[in-house]
Amino acid sequence: QVQLVESGGGLVQAGGSLRLSCAASGRTFSSYAMGMGWFRQAPGKEREFVATISWSGGNAYYADSVKGRFTISRDNAKNTVYLEMNSLKPEDTAVYYCAADTLGVPGRRVAAGYDYWGQGTQVTVSS
């Protein structure tokens with residue numbers, strides 16, 4: 001079992017920045033070669049892929065809508081993955097979820113491929 005807890009969400013003005021964190025516990029990064037991902041879900045919309053990073057941190061993949069603005073990273077020693085969000089837009093408003101892929105498939109963008117999920121953290125960007 002892997003438990004994931006997100007933090008760092010909040011209210012920010014358009015153009016601002018936030019850094020989300022996702023701390024893992026239980027059978028953690030060292031037990032699996034876990035790929036980690038961030039997804040988001042806005043009201044009335046389906047959950048969508050944001051970014052994913054390989055176990056080593058050497059490979060990262062992004063949705064086109066966030067490419068160049070968001071950066072995913074991880075610290076395996078701290079069992080934590082991060083999402084640095086810059087130049088935020090009102091359309092980035094959503095609940096952001098981190099997820100763990102215990103198979104570590106590179107570049108996995110489909111939510112169904114992830115085995116564990118956090119409870120989510122709200123990000124609200126005002127115009």
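Just so we're clear, the structure is a prediction, and the values are computed from it rather than from any experiment.
Across all their heavy atoms, Ala60 and Ile72 have their closest contact at CB-CG2, 3.7 Å. The heavy-atom pair separating Trp55 from Arg74 by the smallest distance is CA-NH1, 3.3 Å. Counting all heavy atoms, side chain and backbone alike, Thr52 lies closest to Tyr114 at OG1-OH, 3.0 Å. Looking at every heavy atom in both residues, Pro90 comes nearest to Ser127 through CG-CB, 3.8 Å. Across Gln41 and Lys45, no two heavy atoms sit closer than the pair NE2-O, 3.1 Å. Closest heavy-atom contact between Leu4 and Ala24: CD2-CB, 3.7 Å.
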TODO: With side-chain contact (heavy atoms from CB on, under 4.5 Å) as the test, would you mind laying out the steps for Val81 and Ile53 before giving the verdict?
DONE: CA-CA 9 Å; Val81 63; Ile53 189 168; 4.2 Å; yes
TODO: Start with the C-alpha gap between Met34 and Val2, add the side-chain angles, then the distance that decides, and say whether side-chain contact (heavy atoms from CB on, under 4.5 Å) holds.
DONE: CA-CA 11 Å; Met34 290 195 301; Val2 177; 4.2 Å; yes
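For the pair Val125/Leu11, no side-chain contact is recorded, criterion being any heavy-atom separation below 4.5 Å from C-beta on. With contacts defined as side-chain heavy-atom distances shorter than 4.5 Å, the pair Asp92/Met85 does not qualify. Side-chain contact check for Val12 versus Thr124: every heavy-atom pair is 4.5 Å or farther apart. Under the 4.5 Å side-chain criterion, counting only non-hydrogen atoms from C-beta, Val95 is not in contact with Phe39.
Proximity of a side-chain donor or acceptor of Glu6 to a complementary backbone N or O of Cys98 within less than 3.5 Å is detected. When atom types are taken as modelled, the side chain of Ser87 and the backbone of Arg69 share no donor-acceptor pair closer than 3.5 angstrom.
The side chain to side chain donor-acceptor pair (under 3.5 Å) contacts involving residues 7-21 comprise Ser17-Asn86, where partners must be two or more places apart or lie in separate chains.
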Hey, can you pull the donor-acceptor pairs under 3.5 Å for the side chains in residues 101-108, sequence neighbours left out?
| residue | atom | partner | partner atom | Å |
| --- | --- | --- | --- | --- |
| Asp101 | OD1 | Leu103 | N | 3.0 |
| Asp101 | OD1 | Gly104 | N | 3.4 |
| Asp101 | OD2 | Gly104 | N | 3.3 |
| Asp101 | OD2 | Val105 | N | 2.8 |
| Asp101 | OD2 | Arg108 | NE | 2.9 |
| Thr102 | OG1 | Asp115 | OD2 | 2.8 |
| Arg108 | NE | Gly113 | O | 3.4 |

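Here the straight-line distance linking atom CG of Leu18 with atom CZ of Phe70 works out to 9.0 Å at 0.5 Å rounding. For the atom pair OG1 (Thr71) and CG (Leu83), the distance works out to 8.0 Å, reported to the nearest 0.5 Å. Interatomic distance, OG of Ser25 versus CD of Gln1, reported as 10.5 Å (0.5 Å rounding).
Of the N and O atoms on the side chains of Glu91 and Thr93, not one donor lies less than 3.5 Å from an acceptor on the other residue.
Figure legend: cation-pi geometry between Arg47 and Tyr97, with NZ or CZ positioned under 6.0 Å from the six-membered ring centre and within 45° of its axis.
Salt bridge present: Lys67 and Asp64 bring a charged side-chain N and a carboxylate O closer than 4.0 Å.
In this structure, Trp38 has its ring center no closer than 6.0 Å to that of Phe49.
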